[in-house]
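Remarks on the structure that follows.
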Amino acid sequence: MPELDARLKTIVNQKIQAMGASQIRAFAQKFDQIPGIIKLTLGEPDFNVPEHVKAAAIRSIQDNRSHYTDQRGILELRQAISHYLQQRFQLTYDANTEIVATVGASEAIFSVLGSLINPGDKVLVATPTFALYWPVISIFGGIPIQVDTTADGFRLTGNHLQKVLDREGAATVKAVILNFPGNPTGVTYDRAQLQDVAAVVKRQGIYVITDEIYAELTYDQPHVSMAKLLPEQTILINGLSKSHAMTGYRIGYFAGPAELIKTVSKLHGFVVTCPSNPAQYAALAALTHGLDDSLRMRQTYQHRRDYVVPELNRLGYATTMPSGAFYAFAKIPPEFGLDSVTFATKLAEEALVGVTPGSCFGAGGEGYVRLSYASSMTDLKEAMRRLAVFTANLREHVLN
């Protein structure tokens with residue numbers, strides 16, 4: 001009814017109404033409707049949750065662990081997170097005051113940003129990257145500043161960061177967001193590259209929000225956390241979705257200086273009360289007895305990476321070798337004259353291969369597509385075969 005539509009415009013939050021839905025999800029759902037398509041869209045591990053982790057979730061239900069927990073998560077889980085971070089990345093966090101378990105890393109992002117941002121604060125986001133950051137910044141009245149890193153191999157450098165701070169006014173910038181190993185590029189940072197950025201952050205007195213959800217999935221070098229270099233100015237976000245294929249369990253966490261975490265924990269509590277009990281006990285099992293569970297997954301992803309990326313390059317889709325995660329970010333040949341949405345749509349409809357347009361990932365993403373190789377080798381080989389035929393036909397069409 002027209003009058004109801006008009007009234008809704010005055011009722012709902014105008015900022016939320018003006019936002020579009022997740023483009024990544026929208027394209028995945030659109031392409032899912034195509035019969036016979038090979039889906040290389042969402043970042044969804046194709047492994048099952050380890051059996052001992054599932055058993056822990058079931059046991060928690062059988063033991064009637066069905067009541068509210070501490071809003072920050074059960075103490076045993078926070079202690080396990082603390083031990084894990086120390087063992088894996090030499091990070092020291094107090095389980096009582098510096099760690100909070102969340103409903104996935106996405107809720108951690110929401111709670112952290114909502115607790116730091118005052119209206120008008122600027123937050124720098126190194127792009128192309130996961131597309132959740134800038135909508136959440138905007139929801140809380142912040143100003144997202146996308147920093148295109150394509151010229152530096154999809155990494156933010158200290159020099160580039162300083163130039164952006166000089167341009168925007170360092171006093172107006174609250175934080176910078178890093179995501180590494182990166183989605184959609186698979187690029188990560190070594191210690192020297194992080195130190196280059198950390199030196200600028202420390203000098204300017206801003207904060208780093210570092211999303212390291214793919215930390216367990218690094219192939220060619222050990223993962224170094226920004227929190228190791230700059231703990232007093234860093235809030236670390238991580239979780240178990242990628243490391244243990246627990247995407248649907250929705251357990252993440254954030255960690256940082258106690259005074260900051262005290263404030264962030266308040267918003268977290270208002271938003272979710274506490275994480276689900278079965279998921280918390282599953283995560284406890286994963287971090288206590290399953291630290292090597294991700295090893296087989298990582299080896300399999302690396303095997304797939306080492307097949308997919310050379311194939312993409314051979315077909316003319318320039319692709320940087322990913323150092324982590326499970327994505328290939330392929331450049332669309334310029335001679336095709338197609339933007340990323342048009343290319344991805346044609347590929348899905350004509351070749352039955354679903355990929356995500358690079359424009360979904362912010363500044364610098366246009367002209368690329370993201371392929372997830374969290375899929376079987378059988379599907380990947382068939383996808384590359386279809387892509388080869390599609391590419392040959394497209395080149396013939398362009399030449400004629």
Side-chain angles (χ1 to χ4, degrees), residues 72-73 77-117 123-126 129-130 132-133 136-137 155-156 174-183 188-191 193-195 197-198 201-202 206-218 222-244 246 250-268 275 283 286-287 291 294 324-325:
R72 300 166 297 171
L77 175 55
R78 285 179 280 130
Q79 289 171 333
I81 293 169
S82 176
H83 178 73
Y84 163 77
L85 292 173
Q86 177 63 53
Q87 182 176 343
R88 272 290 200 261
F89 311 117
Q90 297 76 57
L91 302 175
T92 302
Y93 289 108
D94 185 279
N96 286 302
T97 61
E98 297 180 322
I99 295 172
V100 174
T102 60
V103 182
S106 295
E107 188 254 305
I109 292 167
F110 186 90
S111 294
V112 168
L113 286 170
S115 300
L116 291 185
I117 292 173
V123 179
L124 311 183
V125 184
T129 193
F130 183 45
L132 180 65
Y133 306 123
V136 175
I137 294 167
R155 293 181 184 89
L156 181 65
K174 177 64 66 72
V176 57
I177 298 178
L178 298 179
N179 165 230
F180 67 98
N183 173 12
T188 195
Y189 294 74
D190 61 27
R191 180 178 291 272
Q193 290 162 339
L194 282 179
Q195 287 174 328
V197 175
V201 170
K202 185 173 184 178
I206 61 176
Y207 287 90
V208 179
I209 299 166
T210 181
D211 181 350
E212 301 179 18
I213 191 70
Y214 295 96
E216 285 289 348
L217 302 180
T218 56
H223 178 77
V224 180
S225 175
M226 175 59 86
K228 178 65 177 175
L229 304 183
L230 204 63
E232 67 279 4
Q233 288 171 249
T234 299
I235 296 182
L236 169 69
I237 293 172
N238 207 327
L240 289 95
S241 290
K242 315 302 181 180
S243 62
H244 288 76
M246 293 171 64
R250 310 309 303 135
I251 290 291
Y253 54 87
F254 56 81
E259 282 305 307
L260 272 177
I261 297 308
K262 183 178 180 181
T263 298
V264 182
S265 183
K266 292 178 184 178
L267 180 55
H268 156 78
L287 293 175
L291 291 184
S294 62

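Residue indices begin at 1 and follow the sequence shown. Just so you know, these numbers come straight off a predicted model, no measurement behind them.
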Approximate separation, where rounding is to 0.5 Å, of Thr210 OG1 and Leu230 CG: 10.5 Å
Lys266 side, atom NZ; Ser111 side, atom OG - distance, nearest 0.5 Å: 13.5 Å
From CA spacing to verdict: side-chain contact (heavy atoms from CB on, under 4.5 Å), Val264, Val100: CA-CA 9 Å; Val264 182; Val100 174; over 6 Å; no
From Thr129 atom OG1 to Leu132 atom CG, the distance as rounded to the nearest 0.5 Å: 10.0 Å
Side-chain heavy-atom pair Tyr214, Asn183 within 4.5 angstrom cut-off: yes
Close side-chain approach of Ser225 and Gln90, heavy atoms under 4.5 Å: no
Considering all heavy atoms, the nearest Leu91-Ala227 contact: CD2-C, 3.7 Å
Side chains of Val224 and Tyr189 in contact at under 4.5 Å (non-hydrogen atoms): no
Whether over 12 other heavy atoms sit under 6.0 Å from Tyr84 OH: yes
Sidechain N-carboxylate O distance under 4.0 Å for Glu216, Arg88: yes
Side chain to side chain, Leu85 and Tyr253, heavy atoms closer than 4.5 Å: yes
pair Tyr133-Ile209: side-chain heavy atoms closer than 4.5 Å: no
Sidechain-backbone polar pair: Gln233 side chain, Val201 backbone, donor-acceptor under 3.5 Å: yes
All pairs passing side-chain hydrogen bond (donor to acceptor under 3.5 Å, both in side chains) where residues 95-105 contributes a residue, at least two apart: Asp94-Thr97
Non-hydrogen side-chain atoms of Ile177 and Ile137 separated by less than 4.5 Å: yes
Considering all heavy atoms, the nearest Phe89-Lys228 contact: O-CD, 4.1 Å
Straight-line distance of Glu212 CD to Thr218 OG1, nearest 0.5 Å: 11.0 Å
Shortest non-hydrogen contact from Leu156 toward Val197: O-CG2, 3.2 Å
Closest approach of Ala255 to Ile261 (non-hydrogen atoms, all atoms of both residues): C-CD1, 3.8 Å
Over all atoms of both residues, closest heavy-atom pair of Pro231 and Pro257: O-CG, 3.5 Å
Asn179 side chain vs Gly182 backbone, donor-acceptor pair below 3.5 Å: no
Flag side-chain contact, heavy atom, 4.5 Å: Leu116 against Leu260: yes
Phe254 side, atom CZ; Ile81 side, atom CD1 - distance, nearest 0.5 Å: 10.5 Å
Side-chain donor/acceptor of Arg72 to backbone N/O of Ser265, under 3.5 Å: no
Distance in Å, Leu178 CG paired with Thr188 OG1, rounded so as to fall on 0.5 Å steps: 10.0 Å
Gln193 side chain to Asp190 backbone, donor-acceptor under 3.5 Å: yes
Tyr93 to Ser82 - nearest heavy-atom pair and separation: O-OG, 2.7 Å
Note, Leu240 side chain near Leu287 side chain (heavy atom, < 4.5 Å): yes
Verdict with supporting geometry, Met226 and Leu236, side-chain contact (heavy atoms from CB on, under 4.5 Å): CA-CA 8 Å; Met226 175 59 86; Leu236 169 69; over 6 Å; no
Pairing residues for Gln79 by the side-chain hydrogen bond (donor to acceptor under 3.5 Å, both in side chains) criterion, not counting sequence neighbours: none
